[in-house]
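A quick write-up on the structure given underneath.
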Amino acid sequence: MQKIRCVVERITYQNPENGYSVLKCRIKNYSELVPVIGNLIDANVGSVLSVEGEWKVDSRYGRQFVAQNWEETLPATVYGMEKYLGSGLIRGVGPKYAKKIVQKFGADTFVVIEDNVELLTGVEGIGKKRVQMIAESWQKQKEIKNIMLFLQEHQVSTSYAAKIYKQYETGSIAVMKENPYKLADDIWGIGFKTADQIAMKLGFGKESYVRLRSGLMYTLSELSNDGHVYAEKQQLITKASTLLEASPETVVMTMDEMLKKQELILEKNIVRMDEEGNALAAIYLPPFYYAEVGVAGKLKKLISAPAGDRLYERLMEARKSTGNEMLSVDVNVIQEKTGMEYDEVQAEAIRLAATAKVMVLTGGPGTGKTTTTHGIIAAYRAYGLKILLAAPTGRAAKRMSEATGMEAKTIHRLLECKPPEGYQKNEENPLEGDVLIVDECSMIDVILMNSLLKAIPPAMRLILVGDIDQLPSVGPGNVLRDMIDSGAFPVVRLTRIFRQARESRIIMNAHRINEGKMPDISNGRNTDFFFMENEDAEAAVSQIVELVKKKLPGYYHVEPSQIQVLTPMQRGVVGATNLNLSLQEALNPPEHEVFMRGRGKAALPKECLRRSGYAYRAEDKVMQVRNNYDKEVFNGDIGIIESVNETDRTLVVNFDGRSVSYDVTELDELVHAYATTIHKAQGSEYPIVVMPVLMNHYVMLQRNLLYTGITRAKKALVVVGAKKALSYAVKNVTVTKRNTLLRERLKG
């Protein structure tokens, strides 16, 4: 093996899934940049690397250095120092100031920053405030470098270093040495497997208590990612034993100890039986147990208490005095007020809502959920009730506002989420109003529903609106379906498709799919549902890019940003990750043309931040992938990057008119959103949707997934794929059952 020392000039290619990278590096005594290839995912432009490996000559790419091992070091040359400082690693220093600093201090630059940083004020344009920023960032980078060296020693990806430093600061290495599994508990994005890798290198035993405990927590957490609120005991033992490569006996002993400490909770009151008549014990992580018990208890309490508003009191008095228990509001009067006509099922929903404490309104697209909600609101407003409107996502809340002409908030904003304290609206400080109407309720998981119910006072009404045939919530639980299946609440199902909706093939095909029939894919000039047959995944990607970039914007006179690509899967050729790379390259390339005096047009690189192999540029469409209460942005929110600052290593994203800043270490909370999974699109509507449906996705092709994807399109839908894949999805109704006991708790 040979050893080279090089400076990273640019990153040509990085694969975030396996870490494979191609770096163009400056090496002493070489006149041209040398490609260095290998697993170099954490290297930055400006980094000085000491690399072990061997030279090879590729028939296509020429001479390359293939890296086996590498570590980052501080540069020793003046050139390297300037490149390092200007790379953006040190906040407050970009290429311009890096050049000035190195010109003034030469080979002593790093000594000055380390020991006499105040001398930087002698550099033109650098004041005390910037010096302070540079000093803090330098110290932080030193600590991060120490963590990186520690991780490198234990063959663990160094990309976690900044996150670990942010959580534990100078105590980072001590925490990792004492209990590396704490990383999995405390830091979002670091899972059990990474912590386990560090622990194994540090000599922790395979059957040590801290490892088994962390493995059990991880197993339950992974099950919750699939929507399960609890694990069946034997299911948990089997999965954890396989993951940990430990005996079931030691896993059971660890589980018993965790149950004693109440780090896990065993459900004792509700027991389910398997097909052979054996009892299935349910084991919960505490947050999910208390959320599920809380939702059941609060809903029972809410439905059993009388409403405190004028409409309810008058109707109860009228029923008592007339002896007519069916007496309710006159729907004819409401029709006159709203100028709308309601069919009998809609009218029944309005009459029911007038007396109900908790009610569910469900139906597919075009069945009049919005019209019926209008009627319910009109009935309440006629009696002066104060109405609150909410939805799980910003886009769903915005749609609700547009449809009703009233203010609708996201549930998080309704509950006045203020980190780190949490929700300001709760049992002690409840919501003020007579009725709360919540739309897109199929999206609400058990944790969020519990928080919402905490803030609803006993006298308030709750109307839940949603499409039960859509995908269930991304988070754990199946709240809306469990409420309907429990039989504990009045439910109105809207099934009639109205005449206007019948003119939309999107709506008609959604209902056909729901009934197990193939959609009408005959195309035609006046349709809003198009099918483009393409069974080849690579060709489908090219076709989708062409549709989004040119054909659809030209035909519908819209910007490409108005077109959303939805795909069943994250990975694979036609998965969201690869589609995003292709669409970003086509719609927001790394260079832009500018007119330079005396030189005409020139292609200049756009400012860009890189994280885990992805490039983030101004005008990129991005999605938040975790709830961030500090920034008030939540999982599924879509925004546009409005500016990138390479010097400060920050960028600003515009979410529906609100600007939110991100540091480079926080960029794993953002993914590109030119394409997104259908799961992530729940609760959103887009003017135009392009959706690949190929057999490459067969493991995900299910009727409710296809139905959800189709119903996201408002103006036009283009399906690119194979008839066989469409047929497979329509026929496949094997929806994965979720472990939840909410239905039983509501029945009981």
Side-chain angles (χ1 to χ4, degrees), residues 3-12 21 23-36 40 42-52 65 67 70-149 152 158-159 161-162 165 605 607-611 645-650 663-665:
K3 200 166 190 175
I4 62 166
R5 188 177 164 88
C6 60
V7 179
V8 181
E9 287 281 339
R10 66 175 183 266
I11 298 168
T12 304
S21 307
L23 313 180
K24 288 294 181 73
C25 299
R26 174 92 47 207
I27 303 177
K28 194 177 180 182
N29 299 328
Y30 283 79
S31 57
E32 293 184 356
L33 296 180
V34 174
V36 177
L40 299 141
D42 307 312
N44 296 289
V45 172
S47 297
V48 179
L49 309 181
S50 176
V51 188
E52 279 187 329
F65 192 80
W70 65 281
E71 63 179 14
E72 194 170 343
T73 64
L74 283 174
T77 66
V78 168
Y79 169 81
M81 288 177 182
E82 183 184 328
K83 201 75 185 165
Y84 179 83
L85 285 176
S87 69
L89 283 169
I90 309 299
R91 286 193 71 183
V93 185
K96 184 177 81 174
Y97 285 120
K99 194 175 188 70
K100 287 182 177 182
I101 291 167
V102 173
Q103 275 178 350
K104 186 168 182 68
F105 299 109
D108 294 328
T109 295
F110 287 174
V111 177
V112 168
I113 296 173
E114 180 72 38
D115 300 328
N116 295 295
V117 72
E118 63 279 355
L119 293 178
L120 293 182
T121 53
V123 176
E124 184 193 348
I126 295 182
K128 287 185 178 179
K129 193 174 177 183
R130 190 173 290 275
V131 167
Q132 179 68 21
M133 193 191 298
I134 293 167
E136 286 173 4
S137 186
W138 180 263
Q139 191 56 41
K140 179 180 170 183
Q141 282 304 318
K142 263 178 64 181
E143 294 291 344
I144 290 171
K145 286 281 184 289
N146 289 336
I147 298 167
M148 287 174 83
L149 287 169
Q152 277 176 351
T158 57
S159 60
Y165 174 78
E607 282 206 273
C608 164
L609 290 182
R610 289 183 179 273
R611 179 78 175 168
N645 188 324
E646 286 184 351
T647 303
D648 290 347
R649 301 189 84 208
T650 59
D663 182 79
V664 71
T665 61

Task: Atom pair CG (Leu120) and OG1 (Thr109), whose distance is rounded to the nearest 0.5 Å - done: 9.0 Å
Open item on the list: Restricting to side chain to side chain contact (heavy atoms under 4.5 Å, CB included), what partner residues turn up for Glu607, sequence neighbours left out?
Closed with: Val644, Glu646
TODO: Indicate the atoms forming the closest heavy-atom contact of Leu49 with Leu40, along with that distance.
DONE: CD1-CD2, 4.3 Å
Task: Non-neighbouring partners of Arg26 that pass salt bridge (charged side-chain N to carboxylate O under 4.0 Å, His left out), sequence neighbours left out - done: Glu9
- [ ] Any pair with a residue in residues 119-146 that passes ring pair (Phe, Tyr, Trp, His ring centres under 6.0 Å), sequence neighbours left out, goes on the list, sorted by first then second residue, please.
- [x] Phe110-Trp138
- [ ] Supply the atom-to-atom distance Lys28 NZ to Arg5 CZ, rounded to the nearest 0.5 angstrom.
- [x] 10.0 Å
- [ ] Mind checking the CG-CG spacing from Leu609 to Asp663? Nearest 0.5 Å is all I need.
- [x] 9.0 Å
- [ ] Kindly compute the distance separating OG1 (Thr121) from CD1 (Ile126), expressed to the nearest 0.5 Å.
- [x] 8.5 Å
Open item on the list: Nearest 0.5 Å, please: how far is OH in Tyr97 from CD1 in Ile134?
Closed with: 9.0 Å
Task: Exercise: identify the closest heavy-atom pair between Lys3 and Ser50 - done: CE-OG, 3.2 Å
Task: Which residues share a side chain to side chain donor-acceptor pair (under 3.5 Å) with Lys24, sequence neighbours left out - done: none
- [ ] Output all residues satisfying side chain to side chain contact (heavy atoms under 4.5 Å, CB included) with Ile27, sequence neighbours left out; order by chain, then residue number.
- [x] Ile4, Cys6, Tyr30, Val34, Trp55
Task: Heavy-atom pair with the smallest gap, counting every atom of Leu33 and Arg10 - done: CD1-NH1, 3.6 Å
Open item on the list: How close do Ala98 and Leu85 get, counting heavy atoms only, and between which atoms?
Closed with: CB-CB, 3.8 Å
Open item on the list: So, taking the atom named CD in Gln139 and the one named CD1 in Ile113, what distance separates them when rounded to the nearest 0.5 Å?
Closed with: 12.5 Å
- [ ] Determine the minimum heavy-atom distance between Glu52 and Phe65, stating which atoms define it.
- [x] C-CE2, 4.0 Å
Task: Residue pairs passing the salt bridge (charged side-chain N to carboxylate O under 4.0 Å, His left out) test where at least one lies in residues 104-120, sequence neighbours excluded - done: Glu114-Lys142
Open item on the list: On a heavy-atom basis, which atom in Val51 and which in Ala67 lie closest, and how many Å separate them?
Closed with: CG1-CB, 3.4 Å
